[in-house]
Amino acid sequence: LDHPLAAALAGKMVGDLIEMPAEIGEPRRYRVRELKHKYIWLLHDIMASHAARFPAARSMFEMTMRDGEVQPVLNMVRELQDKDDIVAQTYTAFPVPLVAVAASSNRSVLQVAEHLGMTGTNLRTCLGAQDEREEAAGFVRNARGEGAVLDTLTVWQLRELGHLKAAKNYFGRLCIARSTFDEMIELRAKIETTRGREYMTLGYEGDQAWRRVHTPEDTEARFNWINGIITELEATCEILPAEGTLDPRLDKFLGSFGAHDIFDPIKLARSEGLIILSEDLNLRQYAAQHGVKGGAWLQVALNVLAADNQITEDEYLVAVGVLGAMRHDHLWLDGQTMLRMLTLEDPRAFALFESAIQFMGGRNAEMFSHIGVTLDMMRGVWLIKLPDWQKGRAVGRVVDQLVRSRPNDWKAVLHVLDAELEKYVRRGDQLARRARDYLADWIMGHFYDLEEIRSAERIKETVVSKRTMKMALKSGSKKANRR
């Protein structure tokens, strides 16, 4: 209260007049328009000046709108979501680790991975080759009792699958970088700012805006959830600093984004002499280039754990379905795995099955293998203990997946399935007969020409015609570019 202004304001209320003596001239008179606590004033000052002082920040921004008009807010939400879509497109277009794309856009890798799943964008987990999978399984088996390093996304998802403790028992050591743990702490702090009050989030699904009101109870449950994750990580994992550098030029470049720690798992794996578990194919490839002794992804690791009885077969099957739902591309499936998923004692069984098969027949699929797995499933499904309508639904869903995934040669796929089943039928295979009868009903039920599908000559004509058209389109595009 030693300051003249503070002394003059003491005891005053809004509307009162105060008089400030002047060193020269008449005293100055002021009317009190508003009174604020100093911390409230500081908050308002930050809110008013934050956007100008930190134009690149995403935590807080300012906008002007008329009373009752929400369109400016919706426009801003749309703009932010469009930026997230651009991030997903960038990841799809370039073979770089997801964590690097996230860092360059000032986002968390967990946030970007969640957005990928929401937009139906696949996470590049592996190439899908058998020798790749066998090599990764060898790395996992050799690392038993020695330890493994996990990156942020992988340790998060392994914990969500419920197998962090089983992995700890198998590997002996689970190591995560200090920056990974710090990211969890930051996420908890972000949630904590909304505790005890209701708030709203907005977004778009296609062109339709949506909103969600979060109650204090919702926030408290989420806070307890992230607290549980942090507690389990502290109890299960070694949280270690990552030292050294991979490439001074790269570190300098990433530092300009404030992302110097995104390759900490690689540094940690190299310094500790451990393999790296990562769901990010490109991150594992980058780790291999910088001397990390080996790498694997979760499906391979969980398959080895199941074979070693660290987790049950049912737990492994559920995990495969969940990984599919999280858009982990590719998944390794065989006919028996698909059939066992259908008979899980789990209300999500068919949903898990659907999630697991969504990569079958894809653009880069090895179709002989995929068709072989489909034939095994189509014949074996009639032996499992399910109602016939559920068996038919499962077969129909697989056939539908193959057709949708092969827009240029789907008729050829159906032809091969039918022809291979016919070979089994000629040898007296009754299971193949049921599968072929169902396939014929499916083809006719979708208003396709069964005679055409079963005609090798007509199918060849269709495939040749489409290839000719595709080559013509490519040729026309080249000529247009030359002009």
Side-chain angles (χ1 to χ4, degrees), residues 37 39-40 42-44 46-47 50 54 57-63 70 73-74 76-77 80-81 84 99 102 106-119 150-168 174 176-205 208-239 279 298 315 318-319 321-323 325-327 346-348 351-352 355:
H37 190 281
Y39 294 128
I40 299 297
L42 180 60
L43 170 65
H44 291 173
I46 291 173
M47 294 174 64
H50 185 272
F54 307 101
R58 291 167 53 89
S59 58
M60 189 188 314
F61 58 88
E62 181 182 15
M63 62 188 307
V70 298
V73 176
L74 295 178
M76 179 63 72
V77 171
L80 292 173
Q81 185 151 322
D84 287 338
V99 66
N106 196 28
R107 290 163 172 80
S108 159
V109 67
L110 301 176
Q111 177 187 6
V112 175
E114 182 180 23
H115 185 72
L116 291 183
M118 292 173 60
T119 57
L150 289 79
D151 64 1
T152 302
L153 178 61
T154 306
V155 73
W156 176 276
Q157 294 184 338
L158 181 60
R159 194 272 176 185
E160 288 298 280
L161 291 171
H163 301 312
L164 200 58
K165 185 176 181 180
K168 164 73 172 178
L174 292 182
I176 61 173
R178 165 60 64 179
S179 55
T180 288
F181 190 72
D182 289 345
E183 192 164 344
M184 307 297 175
I185 297 296
E186 290 174 8
L187 178 58
R188 179 175 66 182
K190 183 178 179 180
I191 296 173
E192 193 168 15
T193 61
T194 60
R195 292 178 75 187
R197 61 185 179 86
E198 184 177 276
Y199 70 99
M200 180 178 67
T201 52
L202 298 171
Y204 271 88
E205 185 172 343
Q208 182 62 48
W210 56 263
R211 71 168 185 166
R212 179 184 175 188
V213 176
H214 303 261
T215 66
E217 292 76 19
D218 294 335
T219 303
E220 197 63 25
R222 185 167 176 80
F223 181 80
N224 292 335
W225 167 66
I226 189 64
N227 246 349
I229 293 176
I230 291 172
T231 300
E232 190 168 350
L233 291 183
E234 288 179 311
T236 310
C237 301
E238 296 180 32
I239 304 167
E279 288 298 274
L298 285 180
E315 287 174 330
V318 169
V322 174
L323 290 172
M326 293 190 292
R327 309 294 302 185
D346 190 307
R348 304 169 296 171
L352 293 169
S355 296

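Along the sequence shown, the residues carry numbers beginning at 1. Below, all heavy atoms of this structure are taken into account, side chains as well, without hydrogens, waters or symmetry copies.
- Taking CD of Glu220 as the reference point, atom CD of Glu217 lies at 9.0 Å (rounded to 0.5 Å).
- When atom types are taken as modelled, the side chain of Asn224 and the backbone of Ala221 share no donor-acceptor pair closer than 3.5 angstrom.
- Using modelled atom types, one finds no donor on one side chain facing an acceptor on the other under 3.5 Å when comparing His214 with Thr194.
- Considering only heavy atoms from C-beta on, Glu183 comes within 4.5 Å of Val109 through its side chain.
- Once rounded to the nearest 0.5 Å, the distance linking CG of Leu187 with OG1 of Thr152 reads 11.5 Å.
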Start with the C-alpha gap between Val322 and Val318, add the side-chain angles, then the distance that decides, and say whether side chain to side chain contact (heavy atoms under 4.5 Å, CB included) holds. CA-CA 6 Å; Val322 174; Val318 169; 4.2 Å; yes
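- Using a 4.5 Å heavy-atom cutoff, the side chains of Gln157 and Met326 are in contact.
- Applying the 6.0 Å contact sphere to NZ of Lys168 captures more than 12 heavy atoms from other residues, nucleotides or ligands.
- Side-chain contact check for Met184 versus Leu233: some heavy-atom pair is nearer than 4.5 Å.
- Taking the side chain as every heavy atom from C-beta outward, Phe181 and Ile230 approach each other to under 4.5 Å.
- To the nearest 0.5 angstrom, Ile239 atom CD1 is 11.0 Å from Ser179 atom OG.
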For Glu160 and Ile229: C-alpha separation, side-chain torsions, deciding distance, then whether side chain to side chain contact (heavy atoms under 4.5 Å, CB included) applies. CA-CA 9 Å; Glu160 288 298 280; Ile229 293 176; 3.9 Å; yes
Glu238 vs Leu174, side chain to side chain contact (heavy atoms under 4.5 Å, CB included): CA-CA, chis, key distance, verdict: CA-CA 6 Å; Glu238 296 180 32; Leu174 292 182; over 6 Å; no
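- Residues Arg327 and Gly117 approach most closely at CG-CA, 3.8 Å, considering heavy atoms.
- In this structure the side chain of Leu158 reaches within 4.5 angstrom of the side chain of Leu298, judged on heavy atoms.
- Side chains of Asp151 and Thr154: a donor-acceptor N/O pair is present below 3.5 angstrom, by distance only.
- Judged purely by atom type and a 3.5 angstrom limit, Thr180 has no side-chain atom pairing as donor or acceptor with the backbone of Ile176.
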Check step by step if side chain to side chain contact (heavy atoms under 4.5 Å, CB included) holds for Trp210 and Thr201. CA-CA 9 Å; Trp210 56 263; Thr201 52; 4.1 Å; yes
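- Once rounded to the nearest 0.5 Å, the distance linking CD1 of Ile226 with CD of Glu186 reads 11.5 Å.
- Residue Arg195 qualifies as enclosed at atom CZ: its count of foreign heavy atoms under 6.0 Å is above 12.
- Considering all non-hydrogen atoms of both residues, Val155 and Leu164 come closest at CG2-CD1, 4.0 Å.
- Atom CG of Leu116 sits about 10.0 Å away from atom CD of Glu114, to the nearest 0.5 Å.
- Rounded to the nearest 0.5 angstrom, Arg222 CZ and Lys190 NZ are separated by 9.0 Å.
- Shown here for Gly321 and Ser355, the closest heavy-atom pair between the two residues is O-CB, 3.3 Å.
- Proximity of Leu323 to Glu279: side-chain heavy atoms (C-beta onward) are separated by under 4.5 Å at one or more points.
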